[in-house]
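So that the names make sense, note that chain A is the first sequence line, chain B the second, and so on, each numbered from 1.
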Amino acid sequence: MRKAGSTRATAVAAAALIALAAALVAAGLACWPHGPAGQRPRLGHAIAPEQYTPQIGRRGGRLVLPSLGRPKSFNPITSGEMSTIDFTQFMYLGLTAMDPWTFAAQPSLATDWASDAAGLVWTVKLRPGVRWSDGQPLRADDVLFTFDTIYDSRTISSARDSLLGPAKERWKLEKLDDLTLRFTLPARNAAFPELLNQPIIPRHRFGTIVAAGKFNEAMGTNSRGEDLPVTGPFMLAGYDGTRVIFKRNPQFYKTDAAGNRLPYLDELLWLIVPEVNTQMLKFRQGELDATTVMGKDYPLFVRPQKRADFTLYMLGPNWGESFLDFNQNTGVNPRTHRPYVQPHKLAWFRDARFRRAVSHAMDRRFMADGILNGLAYPQYGPMTLHGEALMANVDVPRYEYDLDKARALLKEMGLEDRDGDGCLEDGQGHRVEFTLTTNVESEVRAKVAACIRQDLEKLGIRVNLRSMTFNALITSLDSTYDWEACLMTILGTPEPHWGADVWKSAGRAHEWFPNQVQPSTAWEAELDEIFDRGITEMDPVRRREIYARWQEIVAEQQPLIYTVIPEAMVALRGRFGNVFPSRRTFPEPPNAIFHNIEEIYVLGGESGQTRE
Amino acid sequence: MGAYIIRRILIALGMLIGASLLGFGVMKLTPGTYFDLLKMNPRISQEHVDQQIARYGLNQPVYVQYLRWLDNLLPFGFKPTESGSYLWVEESPAAGRPAQAPPEDEEEESPPAASEPAEAATQPTQPATLETQPATQTAQATPPAAGAATLAASAPPAGQPAMAKHKFNWPRFKWPNLGESFEHQEPVWDVITRPMLNTLLLNLVAIALTWLVALPLGIYAALNQHKLGDLVLSAISFVGMSLPGFFMALILLWLFAGMSNFLPPGGLRSATYDQMTGWHKLLDVAWHLIIPAIVLTIGGLAGLQRITRGNMLEVLRQQYVTTARAKGLPENRVIYRHALRNAINPLITIFGYELAALFSGAALLEIVLDYPGMGQLMFTAIVSKDEPLVMAGFMLGAILLLLGNLVADLLLAVADPRISYS
Amino acid sequence: MTQIPQNVVEPPAEEPGALARGVPGRPLSPLSIAWRNLRKHRLAMVALVVLIIMYLAMLCDGFVAPYPYNAWDRQQAYHPAWNLHVVDAEGRFHLRPFVYVSHYEFDPYRNRIWREDTSRAYPLKLLVRGQTGTMLFGLLKTGVHLYGVQAPARLYLLGADWQGRDILSRIIFGGRVSLTIGIVGTAIAMIIGMIVGGISGYVGGAGDTVLQRICELIMLIPGFYTLMILYNTLPASLTSMQVYFGVVVILAFISWASLARVIRGMVLSVKSSDFVMAARAGGSSPWRVVTRHVLPSTFSYAIVAASLQIPAYILGEAGLSVIGMGVQEPAPTWGNMLQQAKSVTEMTFHPWLLWPGVAIFLTVMAFNFLGDGLRDALDPRTVGLKKE
């Protein structure tokens with residue numbers, strides 16, 4: 001068709017290409033970080049509890065937040081997912097709540113709780129004058145009903161296990177009067193006040209539904225706000241698939257110093273934005289009022305911009321545990337009669353020296369620099385980054401980056417380069433090599449895995465990377481046990497006992513060797529004993545000592561080789577008042593800022609400035 | 001024509017069942033279930049996970065799961081009973097067990113010859129039941145078409161005979177049910193409607209833009225063959241055809257949402273959407289559509305422009321155009337009355353194929369641009385193994401492809417009088 | 001990316017035998033006629049040259065690329081593109097380009113500020129000895145590179161990624177996947193398509209109906225969803241080589257059916273043509289008829305279709321890789337390299353990560369031009385036109 005003009009067409013096409021290429025080269029060479037002139041945003045930090053001095057605010061306005069996931073329902077009992085709790089935490093209060101600074105239990109719907117000398121019988125007093133959003137008063141019956149619902153075997157509840165005693169006995173609840181309850185526990189439970197944080201649901205609304213066994217389906221995402229009476233500061237106003245709208249609960253019990261009923265904000269609105277990346281851009285364009293910021297996006301956030309009308313809060317390390325672990329399962333696959341892990345590899349994996357050597361070889365500093373722009377902290381034990389938590393022990397052995405020590409440890413084990421090919425071999429000539437599995441969904445973890453691979457390459461250990469979907473990875477960890485090493489992140493917990501399933505040898509989440517009948521090592525036996533003792537010890541000081549030993553053992557034995565934890569960063573528009581960021585980045589960074597959501601208000605007139 | 005369409009539809013139904021088998025089978029090849037996600041949370045008990053798995057029947061053999069899915073989907077079928085039997089309802093009030101039979105179950109029927117596909121399909125689920133059932137049915141035929149009304153009510157069957165008996169579970173009309181999404185814990189249909197409409201909106205806008213731009217450009221290029229305009233257009237065409245959509249999307253994002261704040265970085269509506277008035281709402285959606293629609297349009301533009309140009313050139317060479325010119329008709333009249341019509345007619349079928357690609361065509365772009373459409377929904381559903389959702393999206397895509405092909409064929413018959421389907 | 005099923009070339013419906021018969025009066029074989037026609041198509045020739053260069057670079061990747069694909073240097077993470085100088089720190093001009101050793105530090109805003117150590121210049125050298133890489137798909141080892149600079153300096157013509165790996169080298173090595181996937185995939189689809197289409201068209205009857213229904217079924221399933229579902233079925237224990245073949249097979253799986261249908265149509269029309277009739281009347285066995293007469297006449301179509309389908313495979317692989325479903329790191333493919341550039345922060349601060357997209361674009365464009373030229377060159381109608 002085009003014959004004659006093809007030379008000229010070539011010229012035009014070539015010109016177009018060259019223009020495109022030139023644009024890219026130019027872009028590549030230009031130094032964007034110094035780009036547009038303008039303001040840089042303010043940086044904020046967590047404050048001390050004594051600086052928490054709320055002002056009298058003004059009614060009105062709304063706060064637009066992002067959410068990565070859609071709510072699965074508005075049912076606080078049956079949902080275990082974070083994406084649902086993110087919403088329901090503002091609707092339903094528990095008897096106690098977590099203190100934003102000390103992580104201890106603080107009064108919420110209950111004002112007071114006390115135990116008898118044996119620690120088995122607790123008397124809990126409800127706050128008088130609390131009303132559900134439909135006007136009904138909160139009564140002890142609601143609490144009884146909530147616990148009955150959780151214990152009801154037809155209810156799908158994630159909390160039931162933690163509310164059962166060692167022998168799976170229920171707590172006994174009695175109503176003393178309308179505002180007083182007595183809990184009788186089958187065994188002492190030091191975490192009892194914290195466990196009272198179960199969201200209380202109204203009996204007058206759900207009584208018949210639970211009785212009919214239809215509670216699991218109740219409170220779905222198509223519920224109407226009027227059908228979900230709440231005690232929290234906000235109630236559901238609407239959900240349309242991309243936005244969740246909450247409106248102010250006029251019956252909320254708290255008032256400010258001047259006696260005005262809280263909350264100040266009229267509305268909370270979540271925009272469902274499944275990509276962190278897009279959340280950030282939407283915040284920058286002014287559509288969102290707050291967003292979580294990842295370390296790698298920090299330069300973009302602090303880049304000078306025309307209207308930098310926000311503060312970027314740097315809140316310290318996230319609550320999480322990011323680690324590499326090795327499969328130490330000594331079991332044999334019942335179907336194939338082959339061991340889950342090849343015996344020679346199992347011997348390395350079960351040797352603490354091997355794990356320590358790997359820990360020494362990990363350049364955590366580079367992981368922080370290369371992946372998160374230096375906005376991350378090296379982690380050495382379950383709570384080394386959270387000295388502020390009551391049970392934390394930051395004084396544990398640390399295996400800092402030291403290749404010589406790593407080599408020495410490996411040599412001591414008999415792993416050395418015997419044939420001069422740059423790879424280590426063990427006594428029988430097996431090349432030291434293993435497969436490291438991550439899940440494809442997490443970009444940061446994939447990069448950490450790549451770093452570990454390079455780090456161990458320097459020692460002469462070959463690491464094959466493999467990534468699979470999260471579900472497949474869990475299946476592998478949890479039922480087929482056909483993995484060698486794995487990179488994982490779990491949510492850390494300020495209360496050690498909540499992680500008991502991870503640390504006790506019989507636990508399902510005891511990742512490196514789950515569901516053991518008998519602890520396979522002495523230190524695992526000691527961990528079992530620590531967690532059994534820790535929960536029944538009522539004296540906080542002695543309890544602290546018990547759990548300090550746990551953290552020591554974990555650091556020494558390195559069953560989990562910790563990597564890095566990112567800095568928790570949240571950006572918030574400057575037009576809000578009463579912002580008192582705490583360090584409670586648990587479970588997610590925004591919690592540190594929105595712990596006093598009812599007191600946050602929209603500053604009048606002089607928007608764009610934060611309160612001094 | 002009518003018979004042709006009916007035959008096509010019948011074949012199509014068969015094809016859809018084939019496609020669903022294929023989709024379901026392939027999906028089941030992946031290890032793990034959606035609920036494995038829950039296992040990682042130390043505060044969620046194994047019991048809870050097992051409960052969820054049992055609730056959705058994921059612990060049953062794959063073929064049972066498929067048949068359950070198919071049975072839910074068909075507009076007629078059997079109500080599964082608590083005992084697991086599809087074909088037979090066992091009633092034994094003496095055992096004290098609450099009757100699990102469907103409410104309108106007073107009718108009985110002796111087993112008819114397997115005529116419904118669903119019935120044939122469900123038989124393997126309960127071979128044992130079939131063998132062991134003595135013919136104890138009391139014949140009391142009632143019309144099977146019980147209607148939708150009988151579905152909703154679930155009044156407990158009262159006054160049942162005291163002796164245990166087995167009754168045939170007669171297929172009856174019900175609303176097709178796509179199941180419940182694991183992840184969203186609500187009916188798949190509710191989850192899928194909005195993304196589906198968003199995807200349709202994006203694609204229809206893009207198709208409209210493509211045609212509005214490509215036709216004039218194609219005609220222009222043909223009328224100015226080998227001139228500068230034609231060359232520029234054909235160079236742009238080749239660039240447009242060769243530039244991967246996702247790459248173009250990334251560059252536009254970089255320029256307009258990263259380097260500057262001109263255009264929104266994803267989504268379809270602003271947070272303040274509900275506070276806007278009608279006119280602003282429309283503008284807001286249009287503003288969000290700019291990047292994805294432009295990328296899709298440029299991708300489709302190139303091909304269509306070139307085809308239009310080729311067709312037009314071919315037509316202009318035809319004798320009747322020469323004749324028309326020789327007759328002394330004005331050039332405009334020759335081109336727009338005679339040539340244009342014949343050049344555009346064959347393009348109509350392309351429209352049908354575009355319709356067919358509506359669903360999964362823009363999937364990658366939607367994922368890259370964070371557009372709240374089917375592509376993104378399916379991506380997360382596939383990765384997390386939200387099976388009912390995956391199957392629904394898969395089947396909707398297949399249905400649209402079928403319809404699109406049908407429309408293309410019909411349009412071709414309309415456009416080209418030589419083709420007839422009678 | 002999803003053009004795969006739609007990329008159907010119109011078979012030359014009229015005069016299907018024209019090519020096989022050759023042009024009367026000329027002793028030239030059809031292939032040499034086609035080559036003559038193609039050479040007149042300048043754009044296609046340019047494309048052909050570009051492609052040949054690319055494939056040569058891909059075959060000799062270890063030699064052409066200054067570094068092996070997995071050669072990392074963390075101190076050089078995100079090194080910007082083009083560190084070649086001709087003017088030194090004192091302002092003197094050097095004919096031979098050189099590089100300085102550079103390192104970065106974070107400024108308070110966590111931007112990487114690059115400083116060059118101007119005390120020593122490392123000139124660009126040809127045929128330089130460096131880290132050992134592999135070429136010819138890993139069959140040969142080479143320590144010599146076409147160009148490079150002496151360590152510790154590093155040459156970053158197109159910049160570096162987060163591990164300090166040279167983007168240009170990775171693009172060249174990425175060709176191993178991205179440039180071959182189209183050819184392997186098309187070959188697989190073509191073989192299946194020819195077998196199924198050939199049988200279907202030649203045998204006809206019930207077998208034809210069954211095969212046609214299967215083809216329709218494959219064409220009915222929504223392409224991209226199927227790609228994603230199928231990718232997820234690949235076991236995680238696969239090596240990157242196995243994943244590569246998995247992806248090829250998946251891509252071929254959803255695209256063979258349309259080929260088979262078109263080939264069936266061509267076989268049908270060839271079957272009823274005079275020369276096949278004559279061969280059958282002459283007592284040739286069906287096998288001989290098919291292999292000697294029927295399939296060769298569909299061959300020209302096959303070539304055109306192949307050159308037009310290859311881009312679809314390249315785009316398909318890249319598209320899957322961009323959303324994380326493809327050959328995994330550290331093996332480079334143009335798609336998984338682009339995946340790194342996907343976030344706006346990366347694009348804003350390290351736009352050189354977008355270069356693999358340009359490589360995809362160039363390759364696809366070259367194949368489009370070539371396919372266009374081939375279609376014109378092999379089209380019997382055009383052959384006829386040329387004669388006039």
Side-chain angles (χ1 to χ4, degrees), chain B residues 11-12 14-16 18-19 21-23 26-31 238-239 241-248 250-251 253-255 257-259 265 299 303 306 353-354 356-357 359-365 367-368 374-375 378-379 382-383 385 390 393-402 405, chain C residues 1-3 5-6 8 43 213-214 216-236 311 314-316 318-320 322-325 334-335 338 341-349 351 353-354 356-358 360-369 372:
Chain B
I11 294 177
M15 301 300 291
L16 283 178
L21 263 172
L22 195 75
V26 168
M27 200 173 53
K28 283 291 176 191
L29 290 177
T30 358
F238 268 106
V239 171
M241 252 158 67
S242 314
L243 199 61
F246 57 86
F247 184 55
M248 199 185 332
L250 287 181
I251 289 189
L253 255 193
W254 168 41
L255 291 177
M259 299 302 299
R306 273 170 51 80
Y353 291 116
E354 278 189 342
F359 245 46
S360 83
L364 176 64
L365 199 66
I367 301 169
V368 171
M374 282 302 288
M378 285 293 282
F379 177 66
I382 288 171
V383 170
K385 284 210 83 185
V390 175
F394 189 84
M395 291 313 290
L396 280 172
I399 290 170
L400 260 179
L401 270 168
L402 263 174
N405 289 342
Chain C
M1 119 110 267
T2 37
Q3 300 98 318
Q6 290 112 289
V8 179
L43 221 44
R213 287 294 162 277
I214 294 176
E216 278 170 26
L217 187 60
I218 301 292
M219 287 166 72
L220 181 68
I221 53 182
F224 198 68
Y225 296 167
T226 316
L227 285 183
M228 294 197 287
I229 299 176
L230 280 172
Y231 178 81
N232 267 322
T233 62
L234 295 181
I314 297 176
L315 293 178
L320 275 178
V322 161
I323 55 172
M325 297 178 164
W334 297 342
L338 260 188
K342 225 174 60 177
S343 91
V344 171
T345 312
E346 295 283 7
M347 286 191 280
T348 308
F349 289 89
L353 295 178
L354 287 169
V358 178
I360 298 176
F361 168 60
L362 279 180
T363 315
V364 170
M365 182 135 110
F367 271 113
N368 278 340
F369 280 138
D372 204 45

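- Among the candidates C:T345, C:T363, C:L217, the residue making the largest number of heavy-atom pairs closer than 4.5 Å to chain B is C:L217.
- Only the side chain of C:V344 has a heavy atom closer than 4.5 Å to any heavy atom of chain B.
- C:I221 approaches B:A19 most closely through the heavy-atom pair CG2-CB, 4.1 Å.
- Contact detail for B:F247 and C:V358: the closest heavy-atom pair is CZ-N, 3.7 Å.
- Of the listed residues B:G18, B:P244, B:S242, B:G23, the one with more heavy-atom pairs under 4.5 angstrom with chain C than any other is B:S242.
- At a 4.5 Å heavy-atom cutoff, the contact between B:I367 and chain C is made by side-chain atoms alone.
- With sequence neighbours excluded, the residues forming a side-chain contact (heavy atoms from CB on, under 4.5 Å) with B:L16 are B:M395, B:A398, B:I399, B:L402, C:L220, listed by chain and number.
- Counting heavy-atom pairs closer than 4.5 Å to chain B, the top-ranked of the candidates C:N232, C:L338, C:I360 is C:N232.
- For chain C, the nearby part of B:V390 is the side chain; its heavy atoms alone come within less than 4.5 Å.
- Looking at C:A318, the atoms closer than 4.5 Å to chain B (heavy atoms on both sides) sit in the backbone and in the side chain alike.
- The two residues B:W254 and C:M347 make their nearest non-hydrogen contact at NE1-O, 3.0 Å.
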Please lay out, stage by stage, how C:I323 and B:L364 fare under the test side chain to side chain contact (heavy atoms under 4.5 Å, CB included).
-> CA-CA 8 Å; C:I323 55 172; B:L364 176 64; 3.8 Å; yes
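- In this structure, C:Y225 and B:G375 approach most closely via the heavy-atom pair OH-N, 4.3 Å.
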C:M219/B:L401 under side chain to side chain contact (heavy atoms under 4.5 Å, CB included): CA gap, chis, key distance, verdict | CA-CA 9 Å; C:M219 287 166 72; B:L401 270 168; over 6 Å; no
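- Nearest heavy atoms, C:R213 versus B:M15: O-CE, 3.4 Å.
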Give the intermediate values and the outcome of side chain to side chain contact (heavy atoms under 4.5 Å, CB included) for residues B:M241 and C:D372.
-> CA-CA 12 Å; B:M241 252 158 67; C:D372 204 45; over 6 Å; no
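- Across every non-hydrogen atom of C:L315 and B:F246, the tightest pair is O-CE2, 4.2 Å.
- Note that the CD1 atom of B:I382 and the CG atom of C:L227 stand 9.5 Å from one another [nearest 0.5 Å].
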